[in-house]
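We count residues from 1, following the sequence as given. The analysis underlying the following values was restricted to heavy atoms, covering all of them including side chains, and did not include hydrogens, waters or symmetry mates.
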Amino acid sequence: MGFADAPRAVESYFAARWDKSVPVAWENAPFDPPETGPWIALSLAGGASRRAGIGPAAPVRHEGEIVIDCHVPVGRGAGPALALADRAVAVFAGAAPGGLVLGAPRLAAAPGGPRAATHFRVRAAIPFRRDEPA
């Protein structure tokens, strides 16, 4: 699996299982966020790459995160955004899209955002790793 394969695997896995009532902003794709309703943005963030062992046959391990930004209208508290994050993260429970090994999800700081005046945002991140043969 190469660098281009991981996002494709994650996006297709998520798209096939996500509730279509909440729109998704896909990375580098046209998207017009709703003015008054919830929406999410899904992307992958790269991390470290290193040998996962000793010797020339050791695989190369690539690490990163699936990042899910959950946006809900302001003025309703954090609860709806956290519930949306729970729903989005649950899609990946027990999954290995494209052979990725997924870790435990966490919440990350996410101040601002593209619609900060109208939407509150929380960010869920799921660490992943993938190994490639040497």
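Within the 3.5 Å criterion, the main-chain N or O of Ala58 finds a donor-acceptor partner in the side chain of Arg51. Using modelled atom types, no side-chain atom of His71 and backbone atom of Thr118 make a donor-acceptor pair closer than 3.5 Å. No donor-acceptor pair under 3.5 Å is formed between the side chain of Arg76 and the backbone N or O of Val72.
To the nearest 0.5 Å, the span separating CZ on Phe92 from CD1 on Ile66 amounts to 4.5 Å. To the nearest 0.5 angstrom, Trp39 atom CH2 is 7.5 Å from Asp69 atom CG. The CZ atom of Arg130 lies 4.5 Å from the NE2 atom of His62; values are rounded to the nearest 0.5 Å. In this structure, the separation between CG on Asp86 and CG on Leu107 is 8.0 Å, given to the nearest 0.5 Å.
Here Glu65 pairs with Arg106 in a salt bridge; the nearest charged N to carboxylate O distance falls below 4.0 Å. Note on Arg50 versus Glu63: salt bridge recorded, some NZ/NE/NH1/NH2 to OD/OE distance being below 4.0 Å.
Side-chain contact check for Val67 versus Ile126: every heavy-atom pair is 4.5 Å or farther apart.
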Requested in this report: Decide yes or no on side chain to side chain contact (heavy atoms under 4.5 Å, CB included) for Arg129 and Leu100, but give the supporting numbers first.
Outcome: CA-CA 6 Å; Arg129 73 173 195 265; Leu100 296 176; over 6 Å; no

Requested in this report: Kindly indicate, with the supporting measurements, whether the criterion side chain to side chain contact (heavy atoms under 4.5 Å, CB included) is fulfilled by Arg87 and Asp19.
Outcome: CA-CA 9 Å; Arg87 285 176 47 203; Asp19 171 10; 2.9 Å; yes

Query raised in the report: Does the pair Leu44 and Val10 meet the rule for a side chain to side chain contact (heavy atoms under 4.5 Å, CB included), with working shown?
Result: CA-CA 9 Å; Leu44 267 67; Val10 167; 3.8 Å; yes

Query raised in the report: Can Arg61 and Glu132 be said to form a side chain to side chain contact (heavy atoms under 4.5 Å, CB included), step by step?
Result: CA-CA 6 Å; Arg61 177 162 293 163; Glu132 289 183 4; over 6 Å; no

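Counting heavy atoms of neighbouring residues, nucleotides and ligands inside a 6.0 Å radius, atom CG of Asn28 does not exceed 12 of them.
Note: Phe14 and Trp26 have perpendicular aromatic rings, judged against thresholds of 30 and 60 degrees for the angle between ring planes.
Closest non-hydrogen pair, Ala134 versus Pro56, comes out as CB-O, 3.1 Å. Of all heavy-atom pairs spanning Leu102 and Ala95, the tightest one is CD1-O, 3.6 Å.
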